[in-house]
**Student:** 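Before I ask anything, here is the structure I am working with.
Everything numeric here is computed off the predicted structure, so don't read it as measured data. We count residues from 1, following the sequence as given. Atoms within each ligand, like the ligands themselves, are counted from 1 in listed order.
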Amino acid sequence: MSDQPAPYGGVPSASTDQPSSAPARKKVRIPHLREMKQRGEKWAMLTAYDMYTAATFDEAGIPVLLVGDSASNNVYGNETSLPVTVDELIPLTRAVARSAKHALVVADLPFGSYQASPEQAFHTAVRFMKEAGAHCVKLEGGAEMAPQIELLTRGGVPVMAHIGFTPQSEHNLGGYRIQGRGAGAEKLLADAKAVEAAGAFAVVMEMVPGDVAAEVTAELAIPTIGIGAGAGCDAQVLVWQDMLGLRTGRLPRFVKQYADLHGVMVEAARAYAADVAAGTFPGPEHTF
Ligand code: KIV
């Protein structure tokens, strides 16, 4: 037997384990999220699309990981979330579900995989749960998605809804626009109430005015998760490449960058290439 670690990684490292002195962390379950709302405890959700980000965010105590259809842009390099398919998202979801020990793993249903009928939504959601190990799914839409949410919930698939700006409908909505302004506030509240009544266990609100989001949050028993919806939501979500500064260029106003991963990676890659060019890597300590 070799005493070397696996040559290409693939096994979660010991650093993702709890130190034995730390209190054991429980798996996050859907009822915990509602209990946190009742206690007024705010929480953070992050996207994750692979093993290391899932294990790292899980170790950091992020309670909910979303395998977003934003993988379309952030993994597959598309301009929008529209092209990504179920078959492209399932392997990413499987990697995240295998690697997160505590977090609740949410699979985003991609465009075209649930809108046609509740039955289509159920078929797609079951694939994410059976083939990828997702704990629940997210879908975009308000009152018009109530039949889908009802069937999924009845069939054992917990649903996180997503209202306000819904990127899969960007062509209907006329581009990246704030939703729920003026008369739109009434529709937003009606959508939020409709998804709650249909059985959704939480609802994402994207790009809506902060005061409207706060009002919706106060009206619902289920947690609201904001992205560009102000501090009045029960939880917040960000795409990890935005939050950690891997994405460069102009960012949406709602993004806060907590690190400059792009800068760190460029510098490290340059240093590595310079060492190779100079013959200083590999050194004797890297050589068998
Ligand atoms: O796909 C995604 O990442 C999302 C979040 C930004 C809410 O839907």
**Student:** Would you say ligand 1 has an N or O under 3.5 Å from any N or O of Glu206?
**Tutor:**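 In this structure, Glu206 places no N or O atom under 3.5 Å from an N or O of ligand 1.
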**Student:** Give the contacting part of Ile227 toward ligand 1: side chain, backbone, both or neither, where contact means a heavy-atom distance below 4.0 Å.
**Tutor:** side chain
**Student:** Would you mind checking which non-hydrogen protein atom is closest to atom 1 (O) of ligand 1, with the distance to 0.1 Å?
**Tutor:**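 Of every protein heavy atom, Asp69 OD1, 2.8 Å lies nearest to atom 1 (O) of ligand 1.
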**Student:** Might you confirm whether atom NZ of Lys256 has over 12 heavy atoms from other residues, nucleotides or ligands at distances under 6.0 Å?
**Tutor:** no
**Student:** Under 30°, 30 to 60°, or over 60°: which ring-plane class applies to Tyr272 and Phe281, parallel, tilted or perpendicular?
**Tutor:**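 Perpendicular: the ring planes of Tyr272 and Phe281 meet at over 60°.
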**Student:** In ligand 1, which numbered atoms sit nearer than 4.0 Å to a non-hydrogen atom of Gly68?
**Tutor:** 1 (O), 2 (C), 3 (O)
**Student:** Please report the closest heavy-atom contact between Glu88 and Pro91, naming both atoms and the distance.
**Tutor:** O-CD, 3.5 Å
**Student:** Do other residues, nucleotides or ligands put more than 12 heavy atoms under 6.0 Å from Glu35 CD?
**Tutor:** yes
**Student:** Could you point out which residue of Gln148, Glu140, Gln168, His123 forms a side-chain hydrogen bond (donor to acceptor under 3.5 Å, both in side chains) with Tyr114?
**Tutor:**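 It is Gln168, the one option of Gln148, Glu140, Gln168, His123 that forms the side-chain hydrogen bond (donor to acceptor under 3.5 Å, both in side chains) with Tyr114.
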**Student:** Indicate if Met207 and Leu82 have the same hydrophobic cluster label, given that clusters are the connected sets of ILVMFWY residues with side-chain heavy-atom separations under 4.5 angstrom.
**Tutor:**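 As far as the 4.5 Å side-chain criterion goes, Leu82 and Met207 are not connected within one cluster.
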**Student:** Which is it for Asp108 and ligand 1 at heavy atoms under 4.0 Å: side chain, backbone, both or neither?
**Tutor:** side chain
**Student:** Under a 3.5 Å threshold, yes or no: a donor from one side chain and an acceptor from the other, between Ser70 and Tyr49?
**Tutor:** yes
**Student:** Counting non-hydrogen protein atoms only, what is the nearest one to atom 4 (C) of ligand 1? Give residue, atom name and distance.
**Tutor:**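 Protein heavy atom at minimum distance: Leu66 CD2, 3.6 Å.
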**Student:** Can you name the atoms of ligand 1, numbered from 1 with element, that are less than 4.0 Å from a heavy atom of His162?
**Tutor:**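 In order of number, 7 (C), 8 (O).
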**Student:** Considering only heavy atoms of Thr47, which atoms of ligand 1 have at least one such atom less than 4.0 Å away?
**Tutor:** 3 (O)
**Student:** Looking at ligand 1, does any of its N/O atoms fall within less than 3.5 Å of an N/O of Ser70?
**Tutor:**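 Min N/O separation from ligand 1 is below 3.5 Å for Ser70.
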**Student:** So, is Lys138 polar-close to ligand 1, with some N/O to N/O distance under 3.5 Å?
**Tutor:**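 Yes, Lys138 has an N/O under 3.5 Å of an N/O on ligand 1.
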